[in-house]
Amino acid sequence: MEGKGCYNRENFRKEGVILPILEEIAVTLPRADLDLDETLDCGQCFRWERQEDGSYTGIVRGRFCRVERQGDRVLFHGVDEDDFQRVWRPYFDLDRDYGSLKAQFSCDPILAEAARFAPGIRILRQEPWEALCSFILSQNNNIKRIKGLVARLCAHFGDPVEGGFSFPTPERLAPLSPEDLAPVRCGFRAGYVLDAARRVASGQIDLDAVAAMDIDDAREVLQQIHGVGPKVAECALLYGFGRMECCPMDVWMKKCISTLFPCGLPPCSQGVEGIAQQYLFHYSRCHPVLFR
DNA sequence: CGCCAGGCTTCTA
DNA sequence: TAGAAGCATGGC
């Protein structure tokens, strides 16, 4: 991987404001190992906005970025070297070789087919709190609406940053009441979000400690939160803590497993079941007829 | 309008 | 202890 700073001046228009973009980082990465649509719009994250030119804008750890594919290169606009190393490189899981991972998955014909269908999927390493909170909001909900909930949560309670709003901290949410969250329109999930915020803000649940825990202990701790069950905990651990062995079992994956993998996921996915899951989840949703 | 959504809690038998 | 009902909201 090459990460090289240059200074192409350009302007990027967003919501009527012209933001001066002074820096960009270019990384060489084959299209087959990162597709922006497949990765940023496959239900693992809810904050990225697709632009008309196919690039995406998003905010991670309070930093705004526009990501663009250009041939074999990925351009991170508005990013300096420090932020690239600190934020975007881990976020896009750039140090993992997805090519060899997919080669490994080819030991199973169905998994191979799913990976071939959307080879540009990667698992993002999101902020732990944001992932936890987002997937609490995701329950009994559809992806389109989840995005709306998260956007309103950020707009009302996040801090204004370049390009939009940061994701609100647990400390910001903890003192609120469910009525305070009314403008978010997240329904019965308001109480769940607040319980999570209070436990994290108070230190009763230490997300840094969770990150270092044995996986079953981590699952147990997260499920102490009201409104966090097996699925949400698994999503938080996979997408927020980089625990690739975690395999969220939503309705689609349950159908997929029962019809195609009655004996469980194949051995070649051992230890990275969560990544295999993302290919299978996407494949299942795009071929609903195969899964009744 | 009715059905359903990257589920979980609570109630019931 | 397993299974169903209830949950807010809105996209389709």
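Every chain is numbered from 1, with letters handed out A, B, ... down the list of sequences.
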Would you kindly give the [atom1]-to-[atom2] distance between [X] and [N], to the nearest whole Å?
{"X": "A:Leu149", "N": "C:dT9", "atom1": "CG", "atom2": "P", "result": "10 Å"}
{"X": "A:Leu194", "N": "C:dA8", "atom1": "CG", "atom2": "P", "result": "14 Å"}
{"X": "A:Leu181", "N": "C:dC7", "atom1": "CG", "atom2": "C1'", "result": "17 Å"}

Identify whether any heavy atom of [X] sits under 4.0 Å from a base atom; if not, whether one sits that close to sugar-phosphate; answer base, sugar-phosphate or nothing.
{"X": "A:Cys45", "value": "nothing"}
{"X": "A:Gly43", "value": "base"}
{"X": "A:Gln278", "value": "base"}
{"X": "A:Arg185", "value": "sugar-phosphate"}

Within residues 130-143 of chain A, find the residues that approach DNA chain B with a heavy atom at under 4.0 Å, and present them sorted by residue number.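 Close to the strand are A:Ser138, A:Gln139, A:Asn140, A:Asn141, A:Asn142, A:Ile143.
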Within residues 230-242 of chain A, which residues have any heavy atom lying less than 4.0 Å from an atom of DNA chain B?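 Heavy-atom contacts with DNA chain B come from A:Pro230, A:Lys231, A:Val232, A:Tyr239.
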Under-4.0 Å salt bridge between [X] and [Y]:
{"X": "A:Asp93", "Y": "A:Arg125", "value": "no"}
{"X": "A:Asp35", "Y": "A:Arg31", "value": "no"}
{"X": "A:Arg89", "Y": "A:Asp95", "value": "yes"}
{"X": "A:Arg116", "Y": "A:Glu113", "value": "yes"}
{"X": "A:Lys102", "Y": "A:Asp33", "value": "yes"}
{"X": "A:Arg50", "Y": "A:Asp37", "value": "yes"}

When rounded to the nearest Å, what value does the distance between P atoms of B:dG6 and C:dG3 take?
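Per the computed distance, 24 Å lies between those P atoms.
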- Nearest-Å distance once atom P is located in both B:dC8 and C:dG10: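 Nearest-Å result for B:dC8 against C:dG10 at atom P: 22 Å.
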Applying side-chain contact (heavy atoms from CB on, under 4.5 Å) to A:Phe76 and A:Glu24, what does each step give before you reach the verdict? CA-CA 5 Å; A:Phe76 297 84; A:Glu24 68 178 31; over 6 Å; no
_Treating A:Glu273 as the side-chain partner and A:Gly271 as the backbone partner, does any N or O pair qualify as donor plus acceptor under 3.5 Å?_
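Such a contact is found between A:Glu273 side chain and A:Gly271 backbone.
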Going 5' to 3' along DNA chain B, between which two nucleotides do contacts with chain A fall, using a heavy-atom cut-off of 4.0 Å?
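The contact span of chain A on DNA chain B goes from B:dA5 to B:dT10.
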Next on the checklist: Side chains of A:Glu220 and A:Gln224 only: does a donor on one sit below 3.5 Å from an acceptor on the other?
Outcome noted: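 Distance-only check fails for A:Glu220 and A:Gln224.
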Does the side chain of A:Gln204 pick up a donor-acceptor pair with the side chain of A:Ser202 at under 3.5 Å?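 No, no side-chain donor-acceptor pair sits under 3.5 Å.
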*Answer yes or no: does a side-chain N or O of A:Arg189 lie under 4.0 Å from OP1 or OP2 of C:dA8?*
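So the side chain of A:Arg189 is outside the cut-off, no N or O lying under 4.0 Å from OP1 or OP2 of C:dA8.
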Worksheet entry | A:Cys246 and A:Cys235 SG atoms less than 2.5 angstrom apart |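 No disulfide here.
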